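Remember, predicted model here, so these are calculated numbers, not experimental data. Heavy atoms only: backbone and side chains are in, while hydrogens, waters and symmetry mates are out.
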Amino acid sequence: MTDTQKILKNEQATEQLARALAVLAQPGDALLLTGPLGAGKSVFARAFLRCFCGDDALEVPSPTYTLVQTYQAPSCTVSHFDLWRLGGPDELEELGWEDARDGVVLVEWPERLEDLTPPEALHIAFTVGADGMRTVHLHGWGDRLDGAVLSASFSG
Ligand SMILES: Nc1ncnc2c1ncn2[C@@H]1O[C@H](COP(=O)(O)OP(=O)(O)O)[C@@H](O)[C@H]1O
Ligand SMILES: [Mg+2]
């Protein structure tokens, strides 16, 4: 399974990574975003959704309170979950998790998925160093993270 780490020098670098992954994403995919507050999860999500939907001006409201925001992309629906406030796995069903999985799901706070964590998910873990430098660690998707992602440097 593919495992790689990249330095994300600035916000633009995080957006570049998001677009590179949006190009590879297909119906049924799950992308799980972890990392501390301010690490860049929402920056990543906005750039990913705009690219996947083919709309640079797409409004991307935070799903903090609604827990999910769904968009219609050309190829399928794409659902942006923020599970921080999720009560439990039952609530996930009420939010339409099963239907959302037919399209692409982008999940902040995926720890809350517990047993429903998709086994084939791409794990995207952001860390922030003492100097504020963001690093991303990618795990999953095997060969799909081809040259476009593995050998790329996202320099902003
Ligand atoms: N390399 C970077 N990638 C993403 N955001 C960065 C980076 N460097 C600085 N930032 C700043 O950090 C903040 C990240 O915020 P946000 O994406 O909302 O974090 P999270 O959703 O993980 O809490 C933004 O204000 C952004 O401008
Ligand atoms: Mg956020």
Ignoring hydrogens and angles, tell me if any N or O in the side chain of Lys6 forms a donor-acceptor pair with the backbone of Ala13 under 3.5 Å. no
Please report the closest heavy-atom contact between Arg101 and Pro118, naming both atoms and the distance. NH2-CB, 3.5 Å
Is there a donor-acceptor pair closer than 3.5 Å between any side-chain N or O of Arg134 and the backbone N or O of Asn10? no
Show, in sequence, the C-alpha distance, side-chain angles and deciding distance for Glu114 and Thr117, and conclude whether the side-chain hydrogen bond (donor to acceptor under 3.5 Å, both in side chains) test is met. CA-CA 6 Å; Glu114 300 180 21; Thr117 305; over 6 Å; no
Atom pair NE2/CG of His80 and Asp82 - distance to nearest 0.5 Å: 6.5 Å
Once rounded to the nearest 0.5 Å, what's the spacing between atom OG1 of Thr34 and atom CD1 of Ile124? 9.0 Å
Between Thr64 and Trp84, is the side chain to side chain contact (heavy atoms under 4.5 Å, CB included) condition met? List the steps. CA-CA 7 Å; Thr64 303; Trp84 176 248; 5.7 Å; no
Any heavy-atom pair between the side chains of Asp29 and Trp141 that's under 4.5 Å? yes
In this structure, are over 12 heavy atoms from other groups packed under 6.0 Å from Asp115 atom CG? no
For Ala45 versus Glu108, what's the shortest heavy-atom pair and its separation? CB-OE2, 4.2 Å
Just verifying a value: how many Å separate Leu67 CG and Leu83 CG, rounded to the nearest 0.5 Å? 6.5 Å
Taking all atoms of both residues into account, what is the closest heavy-atom pair of Gln26 and Val104, and its distance? O-CG2, 3.2 Å
Over 12 non-hydrogen atoms of neighbours within 6.0 angstrom of CD in Gln12: yes
Check: Lys9 side chain, Thr14 main-chain N or O, donor-acceptor pair, under 3.5 Å: no
Among residues two or more places apart or on two chains, list those pairs meeting ring-ring contact (aromatic ring centres under 6.0 Å, His included) that have a residue in residues 15-38. none
Do we see a donor-acceptor contact under 3.5 Å between the side chains of Ser155 and Ser153? no
Straight-line distance of Tyr71 OH to Glu59 CD, nearest 0.5 Å: 9.0 Å
Backbone of Gly35 reached by a side-chain donor or acceptor of Lys41 within 3.5 Å: yes
Answer yes or no: does atom CG of Leu24 have more than 12 heavy-atom neighbours from other residues, nucleotides or ligands under 6.0 Å? yes
Within this structure, what is the CG-CG distance for the pair Leu32 and Leu106, rounded to the nearest 0.5 Å? 9.0 Å
ring-ring contact (aromatic ring centres under 6.0 Å, His included) pairs touching residues 16-38, sequence neighbours excluded, are none
For the residue pair Pro27 and Asp102, what are the closest heavy atoms and their distance? CB-O, 3.6 Å
Would you name the heavy atoms of Phe52 and Ala25 that are closest together and state the gap between them? CE1-O, 3.6 Å
Is it the case that the ring center of Phe81 lies less than 6.0 angstrom away from the ring center of Trp97? yes
Looking only at non-hydrogen atoms, find the nearest pair between Ala18 and Ala47 and report the distance. CB-CB, 3.8 Å
Show the numbers, then the answer: is there a side chain to side chain contact (heavy atoms under 4.5 Å, CB included) between Thr77 and Asp99? CA-CA 10 Å; Thr77 64; Asp99 286 343; over 6 Å; no
For Glu11, the salt bridge (Lys or Arg N to Asp or Glu O under 4.0 Å) test, sequence neighbours excluded, returns Arg46
From Gln5 CD over to Thr135 OG1, what is the distance, rounded to the nearest 0.5 angstrom? 6.0 Å
